[in-house]
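Here the structure is laid out as structure tokens; the discussion comes afterwards.
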Amino acid sequence: MNNSSRDLRDTARRIPRWAGIGLFLYASVFALSAAKAFLVPVVLGFLLSMVFAPIRRALERLGFSSWLSSFVIVIVLLCGSLGTAATLAMPVSTWIENAPRIERQVEIQLNGVSQSINEVFKANKKIEALASGSDDSKKTVKVEKGKSVTTQAAMLAPSMVAQLLFTFVLLFFLMASGDMFYEKLVHVMPTFRDKRRAVRIVYNAERKLSRYLFTITLINFGLGVAVGTAMLVYGMPNPVMFGVVAFLLNFVPYLGALVGVIVAGIIALLTFDWYGWSLIIAGTYLTLTTLEGQLITPYFVGRSLRLNTVVVFLTVSFWAWLWSAVGMIVAVPLLVAVRTICEHIEELDHLSAFLSERHGEELPPDAFDEPPSNTAPQDTDHEYD
């Protein structure tokens with residue numbers, strides 16, 4: 001028995017370290033994918049609780065209890081979600097019902113464009129044949145008929161509603177418990193230094209997530225108003241829906257703007273007879289999102305929150321593949337939280353520098369943070385000593 005145990009230990013030592021890391025990563029990805037239905041609302045609940053914790057504390061300082069403050073915040077979020085869903089419900093349901101007709105219209109429009117291009121190619125071939133004396137066979141451009149548009153929205157609706165309700169219920173209990181999880185975290189830390197670092201990490205992550213998401217939400221709201229106004233001026237159908245869609249899609253870096261440009265161009269192609277309007281409207285959407293992404297967001301989002309663009313793109317793509325639309329939304333907040341944790345752990349300083357924007361590694365971690373107030377972090381740190 002002892003020999004077999006010794007042989008197993010020797011075999012474990014001979015396994016390369018990178019192989020163990022690879023197996024761990026593979027198992028983690030598999031677990032995240034398999035438990036998607038449970039983990040998605042849990043992750044959303046914890047992220048939202050960190051984002052709205054400062055608001056809860058502000059309401060508590062005004063005399064509201066934790067339960068009442070949490071209830072008000074959850075009700076406001078629930079009403080906002082229902083209002084957004086109601087705004088999108090009618091246009092989306094109309095598109096789903098008319099999907100075959102819309103598909104045929106797109107094919108007709110694209111056939112018209114392809115026929116125009118085909119005539120240009122035919123004329124070019126005739127000129128080349130006359131110049132060279134050869135008789136080339138005529139070629140035609142064919143547009144393959146795509147598959148019919150199908151949807152399973154009715155089947156997915158119950159599970160989506162259940163996950164949404166689970167998220168809000170979990171959010172309510174997390175916020176109603178106050179700072180219980182922070183207190184437990186500090187309690188289990190073995191040394192005074194670890195307690196201070198744990199409090200610092202938690203409050204910095206909470207503050208940065210709140211600042212980031214609130215700032216991005218306000219910027220996206222302004223972008224939605226601008227896009228909706230532009231679509232109203234152009235005479236596009238449902239300009240309010242365009243504004244809501246632009247507001248939601250802009251929470252997804254890069255990919256959201258691309259999807260919005262494509263959707264605006266396709267709807268313009270179906271709405272107007274002249275093909276140029278499709279390019280003009282798609283170009284307007286692209287211009288507005290470019291101004292937002294290159295000028296407005298970098299100005300209002302603190303430099304300490306800017307991340308490596310390549311890492312952001314890969315992170316969004318990975319979580320989109322893993323958790324679809326919800327993964328794209330939570331990708332950047334999770335990345336902000338990971339970088340905040342890395343900033344306060346010496347062994348992870350190199351990872352924090354890698355996740356930061358260009359030349360961001362030259363800055364101290366808290367260079368652009370607000371000076372600590374005399375309320376939450378310091379009082380909590382002193383209380384937990």
Side-chain angles (χ1 to χ4, degrees), residues 80-117 141 143-154 156-157 160 216-217 219-294 296 316 320 324-326 328-329:
S81 301
L82 294 177
T84 302
T87 304
L88 297 177
M90 290 301 295
V92 171
S93 61
T94 302
W95 289 350
I96 292 175
E97 293 176 359
N98 299 327
R101 183 177 60 83
I102 293 174
E103 183 182 7
R104 287 194 297 270
Q105 290 180 355
V106 172
E107 290 179 355
I108 292 172
Q109 295 281 21
L110 293 179
N111 281 330
V113 175
S114 63
Q115 287 174 2
S116 301
I117 297 175
V141 178
V143 177
E144 296 183 359
K145 186 176 181 180
K147 297 180 180 180
S148 299
V149 178
T150 56
T151 180
Q152 296 180 348
L156 295 176
M160 294 176 61
I216 291 299
T217 300
I219 292 174
N220 292 352
F221 178 79
L223 177 66
V225 172
V227 170
T229 303
M231 298 304 155
L232 179 64
V233 171
Y234 285 131
M236 289 283 285
N238 297 318
V240 175
M241 182 210 65
F242 272 102
V244 175
V245 170
F247 167 77
L248 295 176
L249 288 178
N250 210 51
F251 281 100
V252 181
Y254 313 124
L255 299 179
L258 179 61
V259 172
V261 170
I262 294 174
V263 171
I266 291 176
I267 296 179
L269 186 65
L270 298 174
T271 304
F272 303 103
D273 296 330
W274 183 49
Y275 305 127
W277 280 113
S278 177
L279 297 177
I280 293 174
I281 291 174
T284 301
Y285 194 108
L286 179 62
T287 301
L288 291 174
T289 55
T290 302
L291 289 175
E292 175 271 327
Q294 300 299 322
I296 299 176
V316 171
S324 64
V326 179
M328 292 188 290
I329 295 175

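FYI, the numbering just counts along the sequence from 1. Hydrogens, waters and symmetry mates play no part in the numbers below; they use all other heavy atoms, side chains included.
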- Task: Can you measure from CD1 (I219) to CD1 (I296) and round to the nearest 0.5 angstrom?
- Result: 7.0 Å
- So, for A268 and S278, which heavy atoms are closest and what is the spacing to 0.1 Å? CB-CA, 3.7 Å
- Task: Would you indicate whether the side-chain heavy atoms of T84 and F247 approach each other to under 4.5 Å?
- Result: no
- Taking all non-hydrogen atoms of both residues, which atom of A320 and which atom of M328 are closest, and how far apart? CB-CG, 3.1 Å
- Message: Any heavy-atom pair between the side chains of M236 and L232 that's under 4.5 Å?
- Response: no
- Query: Can you tell if the side chain of P237 reaches within under 4.5 Å of the side chain of I267, non-hydrogen atoms only?
  - Reply: yes
- Going by heavy atoms in the side chains, are W277 and T271 under 4.5 Å from each other? no
- Do you know the tightest heavy-atom contact between F242 and V227? O-CG1, 4.0 Å
- Task: Can you measure from CG (L270) to CD1 (I266) and round to the nearest 0.5 angstrom?
- Result: 7.5 Å
- Message: Return the CG to CG distance between L291 and L223, rounded to the nearest 0.5 Å.
- Response: 9.5 Å
- Task: Answer whether the closest heavy-atom distance between the side chains of I280 and W274 falls below 4.5 Å.
- Result: yes
- Item | Atom pair CG/CG of L279 and L286 - distance to nearest 0.5 Å | 11.5 Å
- Does any non-hydrogen side-chain atom of I281 lie less than 4.5 Å from one of F272? yes
- Message: Nearest 0.5 Å, please: how far is CE in M231 from OG1 in T284?
- Response: 6.5 Å
- Message: Please check: side-chain N/O of T289 versus main-chain N/O of A257, any donor-acceptor pairing under 3.5 Å?
- Response: no
- Message: Before you tell me yes or no, could you show the steps for V316 and L255 under side chain to side chain contact (heavy atoms under 4.5 Å, CB included), namely the whole-Å CA-CA distance, both residues' side-chain angles and the distance that decides it to 0.1 Å?
- Response: CA-CA 8 Å; V316 171; L255 299 179; 3.9 Å; yes
- Task: Compare all side-chain heavy atoms of N220 with those of F251 and state whether any distance is below 4.5 angstrom.
- Result: yes
- Measure across A246 and G224 and return the closest heavy-atom pair with its distance rounded to 0.1 Å. CB-CA, 4.3 Å
